[in-house]
Amino acid sequence: MNPSIDEIIKQRRIIITCGTGGVGKTTLSAAIAIRAALLGKRAVVVTIDPAKRLANSLGLDQLQDTPTDLTPQIQEAWKKIRTTFPESALQSGLPEPNEMKMGTLAAIIPDTRRTFENFVNDLSPSPQVANKVMNNPIFQIFAREFSGTNEYMALERLYSLYKQDKYDCIILDTPPSRNTLAFLNAPKLLAQFFEEKLIRWLVLPTNKLFSAGMKKALSILERLTGAGFMTHLFDFANALFEVQINFTANLKKITSLLESPSAGFLIVTTPTADTNQEIQHFLKVLKEHQFHYDGAILNRMMGLFDIKTTPIGFESPFAVIRERQNRERQALENLVRQPSSICAKIPELARDVHSVEDLLHVAMALHHSALCSI
Amino acid sequence: MSSNPTSISSVLNRNLVFIHGKGGVGKTAVSHALSLSLAKNQNTLWVTIEDPTLPAEPIRQLGPRLWHLNSEFTPAFEEYASLKIGVSHLTRLFLKNKVIRYLAHAAPGIHDLVLLGKIWSERTQYSHVVVDMPSTGYGLAFFQSAENFSKLFRGGPLHRDAEAMLETFRDPYSSGHLIVALPEEMPLRESIELNEFLLHLFPKNPAAFLINRVFPAGPKGLNEWSEEIDPDFSAPPQSWKSPFAKSATDYVLKRAELENFNKRIWQDLGISFGELPYLPPPSADDPFALSHLLAEQLRNKAYV
């Protein structure tokens, strides 16, 4: 049985959307949040996206680290669409304005650098230790570029929103990556960095306890990197050592939140020959982490257009559309053979999303009854 | 924006070509197609970076004059260490050391530096090396870390290597940067941002642009299709009432309008760009079939 987005919204306090770049994850995350708000939830959408695409589609120049309230815009857009697109509005599964207990919607694009600094401050036993960590050149590179940092900071932000109790539906749009699973591996990557036993080696005084092999290896490293780097490295390791205990505790809290029934995972994908494999792999990895899989959203579908005849003069674009429809049909045939829980199918958009109103159109298309077969 | 735009064919025919762009624009297919085209005449290496869908190292031959490297961190790191340390027992001791292994895997930037280093060192073995870069954000971080680490490792051989590498990437005679985009607004806007970032890193080596997946247009003159299209169709795309199309015909017409609108924005900015048509992948069983069609397009358009 395929669940609907609305059931997922009702069931989970946290919805995490995963998917590779270019599938429309950010747009759909915002649309889910809008749906949640219209269904009466106090919703917030969090996106960690260097390209600031969410800000764009929400019609704002730039979102900030503090939540931006979009409730009035949603209300206005919903009223407008009900008059301009009465039929679609009726079929959207969303309540009429008069019977509506409208929730709220906020959006956040966290400043990962600032989140990271707050994070280090929280973990550090004293402000001096925090300063020592943050002034280290290795940390500065780490904060900017470590491929797990953005992901982990997203989780940090998620956890703090969860604790605040200000929102009852938090949608986390995961950072873009080639690999859907990069996000899930981030805590492990960072945990490796904070691994106690290894940091301990670097903080030991460079004397007796070092084996000859260790001395040799570190001297080779020094020769390759130059002496300045080794000094920074030892300093950094010392500082890490002091925040390590708190980090491990923090990681544990975040992991158990993700494992709890409060959190569900969605995958956003486009129907291609690889889709089934992608979903099955995602399912398997979620299971290993003991996370809850809620379903897949198939986006950018051509198959939802009903084509009977090709209008004269349109042969070549229609050939492309038909070819893509065939592709999608094959992909879907593979999908239904295995558990995949498709919770929505969204047609390819004719143009970019520019406003809250546009996002509302996508939010309407997320409705279960929009699941026409192709 | 440079008033003298970089010609796409000049960039694509350089020794080392980096293919940049956001996720989903078709970087892998374009980079593979370019490699296929270049390999018609000269030895070419197609490089992907830790692509989980492709076989890992070592370099394998794909056809006449064409090789593929799916660059992976661990073998590249070991290779680099043995090159630098020289003595084999010291290399082994170094690589087996717990702390070194920890740093190699956990330290950010080392990873990027080593992968770029591997690509950089392979360039002398081939006439052309074509690199499918990771998607925008992460791909840029690659070059940025090389620069940061070069600063951090003041004095050591790593610093000298990082500097030499960056020198190659800055030099328009040795390497080129191609930005792949789609004819949609946000991907276009992002590629302009990407270009600015690249220009900041490599001011003397401006990138060329390629718009991928240009949808075939329908006929001109829309009146006879009026039942199927929106009445507000003649307005600019952002003022169409809904982002969705009402029918397939509506989609085709709007798509053509949208693409022309977006391409005009680029032309107005003085950006010159190449184009590749939208081609649905011809076969589900052969993921590379599309690249062969695109390679033909690259040659027909004399980009290669």
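So that the names make sense, note that chain A is the first sequence line, chain B the second, and so on, each numbered from 1.
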inquiry  = Strictly below 4.0 Å, N to O, side chains only: are A:Arg300 and B:Glu184 in salt-bridge contact?
reply    = yes
message = At a 4.5 Å cut-off on heavy atoms, which part of B:Ala81 comes close to chain A: side chain, backbone, both, or neither?
response = neither
key: Interchain contact, A:Glu357 with chain B, by part (heavy-atom threshold 4.5 Å)   = side chain
note = Looking only at A:Val362, A:Ile307, A:Asp306, A:Val353, the option with the highest number of non-hydrogen pairs under 4.5 Å against chain B is A:Val362
message = Please check: side-chain N/O of A:Asp352 versus main-chain N/O of B:Glu185, any donor-acceptor pairing under 3.5 Å?
response = yes
Stepwise side-chain contact (heavy atoms from CB on, under 4.5 Å) test for B:Val252 and A:Phe305 = CA-CA 11 Å; B:Val252 167; A:Phe305 292 127; over 6 Å; no
task = Please look at A:Met230 and chain B and tell me whether the side chain, the backbone, both or neither of the residue comes under 4.5 angstrom of a heavy atom of that chain.
result = neither
From B:Lys241 atom NZ to A:Asp358 atom CG, the distance as rounded to the nearest 0.5 Å = 12.5 Å
Contacting region of A:Ile81 [heavy-atom separation from chain B under 4.5 Å] = neither
query = Roughly how far apart are B:Phe215 CZ and A:Ile321 CD1, rounded to 0.5 Å?
reply = 4.5 Å
note = Rounding to 0.5 Å, atoms CG (B:Asn97) and NZ (A:Lys215) come to a distance of 13.5 Å
ask   = In terms of heavy-atom proximity below 4.5 Å to chain B, should A:Val23 be classed as side chain, backbone, both, or neither?
value = neither
ask   = Passes side-chain contact (heavy atoms from CB on, under 4.5 Å), B:Tyr278 versus A:Arg324? Steps please.
value = CA-CA 11 Å; B:Tyr278 186 103; A:Arg324 259 185 65 178; 2.6 Å; yes
query = Tell me, side chain or backbone of B:Leu90 under 4.5 Å from chain A's heavy atoms, or both, or neither?
reply = both
task = Starting at CG of B:Leu279, measure out to CD of A:Glu323 and round the result to the nearest 0.5 Å.
result = 10.5 Å
query = Which answer fits B:Arg189, side chain, backbone, both or neither, if we ask what part of it has an atom under 4.5 Å from a heavy atom of chain A?
reply = side chain
remark   = Nearest heavy-atom approach of B:Thr249 to A:Pro311 is OG1-CG, 3.6 Å
remark   = Taking every heavy atom of A:Pro317 against every heavy atom of B:Pro216, the minimum-distance pair comes out as CB-O, 3.4 Å
query = Can you say whether A:Leu233 sits under 4.5 Å from chain B via the side chain, the backbone, both, or neither, judging by heavy atoms?
reply = side chain
ask   = chain A heavy atoms under 4.5 Å from B:Asp161: which part of the residue, side chain, backbone, both or neither?
value = neither
query = Counting only heavy atoms not in A:Gln277, do more than 12 sit closer than 6.0 Å to its CD atom?
reply = no
inquiry  = Below 4.5 Å, heavy-atom pairs only: which of A:Glu222, A:His232, A:Lys216 has the largest tally toward chain B?
reply    = A:Lys216
From A:Arg351 atom CZ to B:Phe244 atom CZ, the distance as rounded to the nearest 0.5 Å = 10.0 Å
request  = Taking atom NZ of B:Lys84 as the centre, report whether more than 12 heavy atoms of other residues, nucleotides or ligands fall under 6.0 Å from it.
outcome  = yes
remark   = Under 4.5 Å to a heavy atom of chain B? For A:Leu221 that would be both
query = Where is the tightest heavy-atom contact between B:Trp240 and A:Ala350, given as atom of each residue plus distance?
reply = CZ3-O, 4.0 Å
